[in-house]
A.B. asks: 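I'd like to ask you about the structure that follows.
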Number of protein chains: 2
Amino acid sequence: MSLSLLSYALLGLLEQQPSSGYDLRKIFVQTPMWSYSDSPGAIYPALERLEKSGLIRGRVEASAGLRQRKLFRLTSAGTAELKKWLRKPVSREEVVRGMGELMLRFAFTERVLGGAAAMQFLKDLEKELRWYVPTLREFLDTQEEAMTISGRLALESGIRGYESQLGWTTYAIAMYAERNKGGTSS
Amino acid sequence: MSLSLLSYALLGLLEQQPSSGYDLRKIFVQTPMWSYSDSPGAIYPALERLEKSGLIRGRVEASAGLRQRKLFRLTSAGTAELKKWLRKPVSREEVVRGMGELMLRFAFTERVLGGAAAMQFLKDLEKELRWYVPTLREFLDTQEEAMTISGRLALESGIRGYESQLGWTTYAIAMYAERNKGGTSS
DNA sequence: ATCGTCATGTAACGTGTTACATGATTGT
DNA sequence: ACAATCATGTAACACGTTACATGACGAT
């Protein structure tokens, strides 16, 4: 049972609170950088598929004079599928492919799997980035002469992106560590 | 005539040198972060489409005992289409959507449109990033309390990515400025 | 003789994009 | 009465993914 990124995003959001297709669309429109399409042509069919697979269930709820909204919530199978996805180990290949899916997973991890899992995620990610960034630098150094200035610069831009991710990872680890030390609350 | 990103990537690469589908695939496999799929099922049909649109022309060339390779090169219509794409102004919306297409365009700009165009591109990009980064920071500040820790951190990661891009942009501008001052060569 | 790599394709499939359609509700 | 927004869909289409297929060439 392999789902698209959009489907996982929907599962994660529905885990946070039952929502209608319209609600979910608004989230995608309003939230910067979670740039999934806000088009109904993507979201409604995706919800339909998830319902057919038994991962979510929708029911029409006309709350307080508003027009009918179909609220979706996760089934137990849906929660299980979401957890399975979130528990996937942070792999080298995934890091190479890009940060998109990894950051989406991180955004849901703490809520669904707890703080310890989120911390583990960050540590695994940090490890992989500490391997990948030098790998990229090395590639740039050895290939430098075969590239145009623009090519070099474009690659440099990508490497800096990963370096920035690495910086963020250590920052995030510190944030988590501090929060777990200081207050046990919430 | 709107093409997919992959198609533009192929046009840009073919402008640099005539290549076979296999050559192009190798580039995607070997180059980190230009992560377009290396699958023949994407590249060969894309080349076919480009040929049907008259943007490239392929001819079989059996060079020196090797087995037959179909080498593609740009037609004048292809060059025109590539230039049209590269000349698109750097727009706010494009920056919000992500850096992917912009960096691909930058990688080809100098070669096809010349150094001045590349410099202009960078300056436009810098301007948009100087607008967008504070916008994102503001969003984070105002929404902070409504978000989970993971949500905040995920957003922070994205913002840092854009900040890193901004840093790179100024760096790249400096590189270009220096090169155009120092040596006129190549 | 056989295996790996070079090289080009094809066919089924899923899914996102774009654009259109519909009707209810709220505000003026 | 009318427009704007809420809310859900649908249909055509393009494109990439996955997996399979084919055959030539070079090496052992």
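A, B, ... follow the sequence lines: proteins, then strands. Residue 1 opens every chain. Just the heavy atoms: all of them, side chains too, but no hydrogens, waters or symmetry mates, feed the values below.
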A.B. asks: Check the distance between D:dT8's P and A:Gln68's CD and give it to me in whole angstrom.
C.D. replies: 8 Å
A.B. asks: If the cut-off is 4.0 Å, is A:Ser37 near the phosphate of C:dT17, judged by side-chain N/O to OP1 or OP2?
C.D. replies: yes
A.B. asks: Give the nucleotide from the list C:dT17, D:dT8, C:dT8 with an atom nearest to the side chain of A:Ala42.
C.D. replies: C:dT17
A.B. asks: Among D:dT17, C:dT8, D:dG16, which nucleotide has an atom closest to any side-chain atom of B:Tyr44?
C.D. replies: C:dT8
A.B. asks: Just N and O in the side chain of A:Tyr22: are any of them under 4.0 Å from OP1 or OP2 of D:dC6?
C.D. replies: yes
A.B. asks: Taking only the side-chain heavy atoms of B:Ser39 (C-beta and beyond), determine which of C:dT10, D:dT18, C:dT15 contains the nearest atom.
C.D. replies: D:dT18
A.B. asks: Scan B:Gly41 against the nucleic acid and name what it touches under 4.0 Å (heavy atoms): base, sugar-phosphate only, or nothing.
C.D. replies: base
A.B. asks: Using the side-chain heavy atoms of A:Arg69, tell me which of these nucleotides is nearest: D:dA7, C:dG16, C:dT10.
C.D. replies: D:dA7
A.B. asks: Classify the ring geometry between B:Trp85 and B:Phe108 as parallel (under 30°), tilted (30 to 60°) or perpendicular (over 60°).
C.D. replies: tilted
A.B. asks: Cation over ring, B:Arg25 on B:Tyr44, under 6.0 Å and within 45°?
C.D. replies: no
A.B. asks: Distance-only, no hydrogens or angles: does the B:Glu81 side chain make a donor-acceptor pair with backbone N or O of B:Leu55 under 3.5 Å?
C.D. replies: no
A.B. asks: Select one nucleotide: of D:dT8, D:dC15, C:dT8, the one nearest the side-chain heavy atoms of B:Ser4.
C.D. replies: D:dC15
A.B. asks: Is it true that the NZ or CZ of B:Arg160 lies under 6.0 Å from the centre of A:Tyr171's six-membered ring and within 45 degrees of the ring axis?
C.D. replies: yes
A.B. asks: Among the candidates D:dC15, C:dC6, D:dT10, find the nucleotide nearest to the side-chain atoms of B:Arg49.
C.D. replies: D:dC15
